[in-house]
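What follows is one structure encoded as structure tokens, with my remarks underneath.
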There are 2 protein chains.
Amino acid sequence: MELELSVDRSSPVPLYFQLSQQLEAAIEHGALTPGSLLGNEIELAARLGLSRPTVRQAIQSLVDKGLLVRRRGVGTQVVHSQVKRPLELSSLYDDLESAGQRPATKVLVNTVVPASAEVAAALGVAEDSDVHRIERLRLAHGEPMAYLCNFLPPALIDLDTAQLEATGLYRLMRSAGITLHSARQTIGARAATAVEAERLAEEEGAPLLTMQRVTFDDTGRAVEYGTHTYRPSRYSFEFQLLVRS
Amino acid sequence: MELELSVDRSSPVPLYFQLSQQLEAAIEHGALTPGSLLGNEIELAARLGLSRPTVRQAIQSLVDKGLLVRRRGVGTQVVHSQVKRPLELSSLYDDLESAGQRPATKVLVNTVVPASAEVAAALGVAEDSDVHRIERLRLAHGEPMAYLCNFLPPALIDLDTAQLEATGLYRLMRSAGITLHSARQTIGARAATAVEAERLAEEEGAPLLTMQRVTFDDTGRAVEYGTHTYRPSRYSFEFQLLVRS
DNA sequence: GTAGTTCGATTGTCCGGACATACACATTGA
DNA sequence: TCAATGTGTATGTCCGGACAATCGAACTAC
């Protein structure tokens, strides 16, 4: 079986990227079956009219994604396991949407408040300086699923309530030209207080899943701090990890 | 300020790796301050007597780790944020130990059982075939912290109870020559049953943090399936994420 | 003064080659 | 029979160069 691969040299898309996408598609589509060898790099490069470094760059990106495994003296083969998606800096909104849940958002609060000590420390701004505060209720199938409380530094983005109800916060930030880079997260659990129970239609004392997150852009600025609580019967965190070798 | 960098060509350690380690150390140590430019690649290569691709490979590995950011036409600079550690495929034991908690483990069960449907599906073995089952209680400061129930395929590793109490499961597997590759994890929460409460010295109905994980080695084989419950007052999941661009 | 343009600097992409290293397998030897 | 050795093949590392794309700043023109 010969895999059909080709590159378009007139395209502005980098050659290694064209190749890696085709390989990834072939794996996803099943044309490259798990465990199968990929053929050696030299020959592959010759077949495509590319140099070996370019082919290696394409392969390496898929190795980094966990789709391929290289073995010296053996070859490169497709990992045969149910690799879903590696852990991304994901938003709840996108998670739900990709699960076909058609999420709804109700904005409870959208205002500017002085930063508390906790918020100031997380965002790296002065205490009592102005920060945006938004509180949202995320619903799926009409049922409350999560309560989201977020703080953003001022002058970063203007938060329109209508937009917040139509899409997710991360998507808004990205379309505002902010390139998200990393986030620090803590996931825990606790018993619901009376107020929390009321918000999420749970009983007081019921277990809640909690997540706190500080998100940074590519310059290292903190761009968002959030405290979220989820109903564990409706949501859990699910992700794939890769070892860093 | 000139950063002291040098490579040892007689060392078997790859040159790019030597360089990346020195740069990482310099960042960690503070010699390279956040936001500072790294100097252009050409000049850096010349100074070290290396080629540009080698220098680029070193820098790239740190970019992948989230320590550096490249900007075309500008240069490469150190990310200025409190980057802790990226999310690793971590073991609870290592987590605790690195936090200086001196964890203790009590092995409750270490036996071989026929695989249930759930376990068989997770490990990719036939139902009712033999699998190892181990149940452990993880303690810190004499207090129970987590209850760990794990299943392993047979003939992979022999599980000595004494060893299990002395170290973590992941460390045992690694030293048995198994190279961990990826894991699929689910984190949730639920109320403790009477049995769970008893084990963890909690009250019935108290919130518990739960984690299920299937771990794969580099050939894609499932090598471990685990169901863990944590006391949320004693433990929470904390990690750093990077965006995949 | 402001907007548009040019230009230098720096990374991004790609090439072709060379040698080292590790693994699998066949061969050889005891 | 079994272990040690050799051999082929594939990836790992490294080199030196070339041109393109992009960013920032200085410069120019209105």
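Everything numeric here is computed off the predicted structure, so don't read it as measured data. Naming: A, B, ... by sequence-line order, numbering from 1 per chain.
- Computed from coordinates, the A/Ile59 CD1 to D/dT11 C1' distance equals 10 Å when rounded to whole Å.
- Between B/Arg136 and B/Glu165, no side-chain nitrogen of the basic residue sits less than 4.0 Å from a carboxylate oxygen of the acidic one, so the salt-bridge criterion is not met.
- Atom-to-atom distance recorded for B/Ser20:OG and B/Gln57:CD is 9.0 Å, nearest 0.5 angstrom.
- Judged as a side-chain hydrogen bond (donor to acceptor under 3.5 Å, both in side chains), the pairs with a partner in residues 114-128 of chain B (not counting sequence neighbours) are, in order, B/Glu118-B/Tyr225.
- A donor-acceptor contact closer than 3.5 angstrom is absent between the side chains of A/Arg133 and A/Thr111.
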* May I have the step-by-step check of side-chain contact (heavy atoms from CB on, under 4.5 Å) for B/Val214 and B/Phe216, ending in yes or no? => CA-CA 7 Å; B/Val214 188; B/Phe216 303 92; 3.8 Å; yes
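- Contacts of A/Phe237 classified as ring pair (Phe, Tyr, Trp, His ring centres under 6.0 Å), with partners at least two apart in sequence or in another chain: A/Tyr230, A/Tyr235.
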Find every protein N or O atom lying less than 3.5 Å from an N or O atom of nucleotides 21-23 of chain D, and list the pairs.
residue	atom	partner	partner atom	Å
D/dA21	O4'	B/Arg72	NH1	2.9
D/dC23	O4'	B/Arg72	O	3.1

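- Interatomic distance, A/Phe239 CZ to B/Thr186 OG1, rounded to the nearest 0.5 Å: 8.0 Å.
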Intra- and inter-strand pairing of DNA chain D, written as dot-bracket with Watson-Crick and G-U pairs under 3.5 Å and | for the latter, reads ||||||||||||||||||||||||||||||
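- A salt bridge links A/Arg70 with A/Glu41; the closest basic N to acidic carboxylate O contact falls under 4.0 Å.
- In this structure B/Gln18 satisfies the side-chain contact (heavy atoms from CB on, under 4.5 Å) test together with B/Val7, B/Asp8, B/Ser11, B/Val13, B/Leu15, sequence neighbours excluded.
- Taking A/Asp130 as the reference, nothing meets the side chain to side chain donor-acceptor pair (under 3.5 Å) condition, with sequence neighbours excluded.
- Annotation: side chain to side chain donor-acceptor pair (under 3.5 Å) contacts of B/Thr167 (sequence neighbours excluded): none.
- Taking atom CD of A/Gln77 as the reference point, atom P of D/dT11 lies 11 Å away to the nearest angstrom.
- Only B/Gly49, B/Leu50, B/Ser51, B/Arg52, B/Pro53, B/Thr54, listed by number, bring a heavy atom of residues 48-58 of chain B to less than 4.0 angstrom from any atom of DNA chain D.
- Between the CG atom of A/Leu68 and the P atom of D/dG12 there is a distance of 11 Å, given to the nearest Å.
- Bounding nucleotides for the chain B contact on DNA chain C, 5' to 3', at a heavy-atom distance below 4.0 Å, are C/dA9 to C/dT13.
- Under the 3.5 Å distance criterion, the side-chain polar atoms of A/Gln185 are left unmatched by any main-chain donor or acceptor of A/Met211.
- Of the residues in residues 9-19 of chain B, none has a non-hydrogen atom less than 4.0 angstrom from any atom of DNA chain C.
- For the residue pair B/Asp217 / B/Thr179, no side-chain donor-acceptor distance below 3.5 Å is found, with atom types taken as modelled.
- Take B/Arg72 and apply the salt bridge (charged side-chain N to carboxylate O under 4.0 Å, His left out) test, not counting sequence neighbours, and it matches no residue.
- Sorted by first and then second residue, the side-chain hydrogen bond (donor to acceptor under 3.5 Å, both in side chains) pairs involving residues 23-34 of chain A (not counting sequence neighbours) are A/Glu24-A/Lys65.
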